[in-house]
Number of protein chains: 2
Amino acid sequence: MPPAKPVPTGPRAASRPTLRDVARTLGVSVATVSNAYNRPDQLSEDLRGRILAAARDLGYQGPDPLARSLRRGRTGVLGVVYDAPLDYAFADPAAALFLGSVTRAVHDRDLNVLLLAAPHDPQADATLAVRNASVDGFIVYCAAEGSPLLRAVLDRALPTVLVDQDPQGGSAHVGIDDAGGAQAAAAHLLDLGHRQLGALCLELAGDRHPGPVSAARETQVAYRTTAQRIRGYRAATAGHPDAALHLMEAGQNTPADGEALTLDLLRAHPEVTGVVCMSDVLAQGALRAAATLGLRVPGDLSVIGYDDLPSSGALNLTTVWQPTPDKGAAVGAAILDLLDGQEPAPVTLPTRLVVRGSTAPPRSPAAPTA
Amino acid sequence: MPPAKPVPTGPRAASRPTLRDVARTLGVSVATVSNAYNRPDQLSEDLRGRILAAARDLGYQGPDPLARSLRRGRTGVLGVVYDAPLDYAFADPAAALFLGSVTRAVHDRDLNVLLLAAPHDPQADATLAVRNASVDGFIVYCAAEGSPLLRAVLDRALPTVLVDQDPQGGSAHVGIDDAGGAQAAAAHLLDLGHRQLGALCLELAGDRHPGPVSAARETQVAYRTTAQRIRGYRAATAGHPDAALHLMEAGQNTPADGEALTLDLLRAHPEVTGVVCMSDVLAQGALRAAATLGLRVPGDLSVIGYDDLPSSGALNLTTVWQPTPDKGAAVGAAILDLLDGQEPAPVTLPTRLVVRGSTAPPRSPAAPTA
DNA sequence: GACCCGATCTGAATCGTTTCAGATTGCTGA
DNA sequence: TCAGCAATCTGAAACGATTCAGATCGGGTC
C-alpha cells in the first residue's frame with residue numbers, strides 16, 4: 001500500500017492569505033494570480049480586475065517580498081557597513097550626510113539600504129550581521145585594514161565598493177584626496193607663520209588608544225583615512241625644518257573628545273599656536289577647549305577642521321571641504337555598475353581648503369598678552 | 001506512458017554551492033547539514049566537523065539568509081521609515097543621532113535596520129519601498145498626518161512604532177514633550193523682556209510652502225511635532241498681551257533655509273529681538289543671518305534652538321535639549337515588546353531648556369547703537 | 001477544411017532552507 | 001532475551017512566490 005498522502009490542513013487559521021489562497025477562491029492558477037501582479041499583459045483586463053478585487057476582499061497584501069526575492073535572486077537591498085557601533089559613527093554628521101547621498105543615488109533604481117555595523121559588545125561576533133544579511137551588494141564605509149568585518153564582507157563575494165579604503169579583493173573603490181586636503185590645511189597654518197602645530201587625529205587603529213601618538217604607533221596605522229591625512233600633515237611640515245607637529249589620537253570622533261585632547265595637547269605643549277583636526281567634530285571640541293582656557297580664536301589659537309559640515313559655517317571654522325554628495329553619487333554609480341556586471345573605474349575626488357575666521361597669523365612670541 | 005521525469009541539470013555551472021551540494025558530496029541528508037549549522041547537538045561532533053570542512057572546501061558560505069528567513073518567518077530586519085528623502089532627513093544631525101540610538105537598542109537582539117524613505121521624484125510611487133520591504137516591523141520617524149507612506153506601513157499590519165506622531169492603528173507610540181520644550185523656549189525670551197518674537201518652524205505640511213505662515217495655514221498642520229511646538233510658543237506668548245509672535249515656515253531643515261528665513265523675517269519685522277527655532281540646524285542659520293546683518297548675538301538678537309546637538313555647545317547656543325539616546329532606547333524597547341507579542345505602554349519623554357550664551361535681555365528700544 | 005496564430009490561462013519545477021516525524025543503531029536494565 | 005531508550009541521522013513537507021513550456025480556443029487566411 002502506498003503511504004497515505006498527508007491530508008491538507010484545510011483552510012488555515014487566521015494566518016496571512018497567500019497567492020495560493022486568492023487563486024483558490026477564484027478557481028484560477030497561482031501562475032495567473034502572480035501574473036496579475038507582475039505581468040498585466042499576460043491576462044485579460046477582466047480577469048485581472050477580478051483577481052485584484054478578490055485579493056482586496058481577502059486582505060491579501062500582494063506578493064510576499066521575501067519569497068519573491070528568493071525566487072528572483074535579488075533582494076533590492078544594499079548593505080552599508082560601518083566598522084564601528086552606529087551611534088558612534090553617526091555622532092559625526094559627515095557620516096550621516098554621506099549615507100544620505102548614497103541612498104539618494106541608489107533610490108532611483110529602487111534599491112534600499114540596510115545598515116550593518118559592529119556590535120557594542122566586543123565579545124559578540126562582529127561578522128554575524130554581515131554573514132546573515134540578505135543583500136545584493138555591500139558598501140563598506142569605514143573599516144580598518146584587515147578588520148574581521150571587512151573580511152566577512154569580502155568572503156560573501158558580492159558586488160562591493162570600498163569607501164576611503166585601499167582597493168582589494170576585486171571590489172570597486174571610491175575615495176577622496178585625503179592627503180592633499182590635510183597637506184593644504186597644515187600648509188595654510190605654516191604660511192600664516194605658525195611653527196608649533198598640534199594635530200587632532202581620528203583613531204589610528206581599532207584598539208582604543210587615545211592620547212599622544214608615539215612614533216611607534218604612527219608607523220602602524222590601520223585606517224587608511226587617518227594614515228593619509230597624517231601623511232599630508234607631515235608632508236607640509238617637512239618643508240619647514242623649524243616646524244614641529246604634535247599628534248594626538250582621539251578615542252571617539254566627538255566634540256567631547258576633541259575638547260579633552262586639546263586641553264591635554266596645550267598642557268603638554270603650551271607653545272602650540274595652531275591645531276589641525278581630522279574632522280570638524282573634533283575641531284568643535286578644540287574651539288570649546290580654547291573658550292574654556294580663555295584663549296581667543298584665531299587670535300591666540302588657530303583651528304582647522306576637516307569635512308566642512310553645514311554647521312561649520314555658523315562656527316566660522318576654517319576647514320577642508322570634501323564633496324560629500326559627489327562621493328555618495330560615485331559610490332552609488334559604482335555599485336550599480338557592479339550589479340550590472342560592469343567594472344567601474346576607481347574614483348578619487350578632490351578636497352579644497354575653505355578659509356574662514358578660525359585661522360590667523362600667530363601672535364608674535366614676545367608680544368604681551370592683549 | 002508517464003511523462004518523462006525532467007533530467008536534473010547535473011553539476012550546476014559556477015553558481016554558488018547550496019546546502020544540498022555539501023550534503024551530496026558527503027552522502028548525508030540536507031537535514032543533517034542544516035543541523036550542523038543550527039543545532040550542533042543534533043549530530044556527532046565528528047560528522048559535524050566533516051560537514052564544516054567539506055563546506056569550506058566547496059566554498060559554501062553557510063545557509064542562505066533569504067531562504068532561511070522565508071522558512072523561519074522572520075527576517076531580523078526592522079524598517080525605519082522617513083517620510084522625506086533621506087539626504088534631506090540626514091541634513092539634521094538629530095535625525096542621524098536618533099537613528100544611531102535606535103540601532104544601538106535593537107542590535108542586542110541581532111536586529112538590523114533597513115532605511116526606507118520617500119523618493120526624490122514626486123511622481124514615483126512613495127509606497128513601493130514600504131510594500132516591498134522584507135521586515136519584521138516598522139519604525140516610523142517622521143510622517144505627516146495621513147501620508148501615503150504612513151498608510152502603507154499600517155496596511156502591512158506588522159509590529160509598528162510611531163515616533164513623534166499621534167498614536168493610531170494599533171501601533172506603539174514614543175514621543176517627547178514637544179509643546180513643553182517650545183513653551184519653555186519662548187517663555188525664556190519673554191522673561192528676559194523680549195516682546196517681538198520670531199519663530200522659525202519646520203514644515204507644517206508636506207507641500208513645499210516656505211515663508212511667513214498665514215493664519216489659515218496655521219490651522220492645518222500635518223506634522224504633529226510642528227503643531228505641538230507652535231502650540232507651545234503660542235501658549236507662552238498668550239500670557240503676555242503685548243507680545244507678538246511671527247511664524248516663518250522652512251522649506252527644508254537646513255542652515256541655509258534658516259538663514260534665508262531669518263533675513264526675510266527681520267526685513268518684514270525689524271522690531272523682532274528674539275527668535276525661537278524648531279531645530280538647532282535652523283538656529284545655525286539664524287546665527288549666520290545675524291552675522292550677515294552685522295547684528296551681535298545675543299546683544300542685538302537672541303536665538304534659541306531645539307535639539308541640543310553636540311555642535312551647539314561650540315556655538316554657545318541656548319536650546320531645548322531632548323533625550324535622544326533615551327528616545328532611541330524607548331523605541332527599541334517598544335518594537336522588541338511588539339515582536340514578543342506584548343503591548344508596550346506609550347512613552348513621552350521630557351525636554352529641558354539649556355541656557356547658553358545666545359540669549360540675553362533685549363537692548364532697550366531707545367538705546368543708541370553700541 | 002486544414003493550418004497557423006495570438007491571446008489566455010495552467011502545471012509543475014524551482015529558489016535554498018528549516019523542521020517535524022520517524023527510522024536505525026547500539027546499549028542498558030530487568 | 002527483549003522492551004526501552006538515547007543518540008544519530010533521514011525523508012519529505014513546508015515557506016510563498018516566479019517562470020518556462022505547453023494547453024486550449026476562437027478566428028483569420030489560403
Side-chain angles (χ1 to χ4, degrees), chain A residues 2-10 12-13 15-24 26-51 55 58 60-76 131-132 134 136, chain B residues 2-10 12-13 15-24 26-51 55 58 60-76 131-132 134 136:
Chain A
K5 242 190 165 179
V7 185
T9 21
R12 237 185 321 293
S15 100
R16 242 163 247 272
T18 73
L19 226 169
R20 197 215 306 269
D21 294 326
V22 11
R24 202 150 32 197
L26 258 71
V28 301
S29 88
V30 294
T32 302
V33 178
S34 174
N35 282 335
Y37 284 95
N38 302 307
R39 313 187 166 183
D41 57 314
Q42 293 294 302
L43 68 170
S44 66
E45 257 317 311
D46 169 56
L47 178 55
R48 175 153 194 264
R50 281 176 14 239
I51 290 178
L58 278 173
Y60 179 68
Q61 301 281 343
D64 180 89
L66 213 46
R68 177 194 294 233
S69 295
L70 175 60
R71 181 59 237 236
R72 287 196 174 155
R74 323 178 275 101
T75 64
R131 285 185 292 120
N132 285 342
S134 299
D136 296 334
Chain B
K5 242 190 165 179
V7 185
T9 20
R12 236 184 321 295
S15 99
R16 240 163 249 274
T18 73
L19 231 174
R20 196 215 306 269
D21 294 325
V22 11
R24 203 152 28 199
L26 258 71
V28 302
S29 88
V30 295
T32 302
V33 179
S34 174
N35 282 334
Y37 284 94
N38 302 307
R39 313 187 164 181
D41 57 313
Q42 293 293 301
L43 69 170
S44 65
E45 257 318 311
D46 169 56
L47 178 55
R48 174 152 194 263
R50 287 187 357 251
I51 289 180
L58 278 173
Y60 178 68
Q61 299 284 340
D64 180 89
L66 213 47
R68 176 193 291 230
S69 295
L70 176 60
R71 178 60 236 229
R72 285 195 174 156
R74 327 177 271 101
T75 64
R131 286 186 291 122
N132 285 342
S134 298
D136 296 336

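The chains referred to below are lettered A, B, ... by the order of the sequence lines, with proteins before strands, and numbering in each begins at 1.
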Counterpart residues, salt bridge (Lys or Arg N to Asp or Glu O under 4.0 Å), relative to B:Arg131 (two or more places apart): B:Asp125

Please report, rounded to the nearest Å, how far the [atom2] atom of [N] is from the [atom1] atom of [X].
X	N	atom1	atom2	result
A:Arg20	D:dA17	CZ	P	10 Å
B:Asn132	D:dA17	CG	C1'	13 Å
B:Leu19	D:dA14	CG	P	20 Å
B:Asp46	D:dA7	CG	P	17 Å
B:Asn38	D:dT8	CG	P	18 Å

Sub-3.5 Å pairs of nitrogen or oxygen atoms, protein against nucleotides 8-10 of chain C:
from: C:dC9; atom 1: OP2; to: A:Ser44; atom 2: N; distance (Å): 2.9
from: C:dC9; atom 1: OP2; to: A:Ser44; atom 2: OG; distance (Å): 3.4
from: C:dT10; atom 1: OP2; to: A:Ser29; atom 2: N; distance (Å): 3.1
from: C:dT10; atom 1: OP2; to: A:Thr32; atom 2: OG1; distance (Å): 2.6

Measure the spacing between [atom1] of [X] and [atom2] of [Y] and express it to the nearest 0.5 Å.
X	Y	atom1	atom2	answer
B:Asp21	B:Leu26	CG	CG	12.0 Å
B:Leu19	B:Tyr60	CG	OH	3.5 Å
A:Asp64	B:Leu70	CG	CG	7.0 Å

C:dT17 OP1/OP2 closer than 4.0 Å to side-chain N/O of B:Ser34: no

Distance below 4.0 Å between A:Arg39 side-chain N/O and D:dT19 OP1 or OP2: yes

side-chain contact (heavy atoms from CB on, under 4.5 Å) against A:Thr75, all qualifying residues, sequence neighbours excluded: A:Ser69, A:Val77, A:Ser134, A:Asp136, B:Leu66

side-chain contact (heavy atoms from CB on, under 4.5 Å) against B:Arg68, all qualifying residues, sequence neighbours excluded: B:Asn38, B:Pro63, B:Arg72

Contact list for DNA chain C against residues 62-73 of chain A - heavy-atom distance below 4.0 Å: A:Leu70, A:Arg71

B:Leu43 vs B:Ile51, side-chain contact (heavy atoms from CB on, under 4.5 Å): CA-CA, chis, key distance, verdict: CA-CA 11 Å; B:Leu43 69 170; B:Ile51 289 180; 4.0 Å; yes

B:Ala55 to B:Tyr37 - nearest heavy-atom pair and separation: CB-OH, 3.3 Å

Partner residues of B:Ser29 under the side-chain hydrogen bond (donor to acceptor under 3.5 Å, both in side chains) criterion, sequence neighbours left out: B:Thr32

The helix from C:dG1-D:dC30 to C:dA30-D:dT1: angle between end helix axes, five pairs per end, rounded to 10 degrees: 50°

Sugar-phosphate, base or nothing in reach of A:Tyr37, heavy atoms under 4.0 Å: nothing

Contact list for residues 31-47 of chain A, test salt bridge (Lys or Arg N to Asp or Glu O under 4.0 Å), sequence neighbours left out: A:Asp46-A:Arg50

Backbone of B:Pro40 reached by a side-chain donor or acceptor of B:Arg48 within 3.5 Å: no

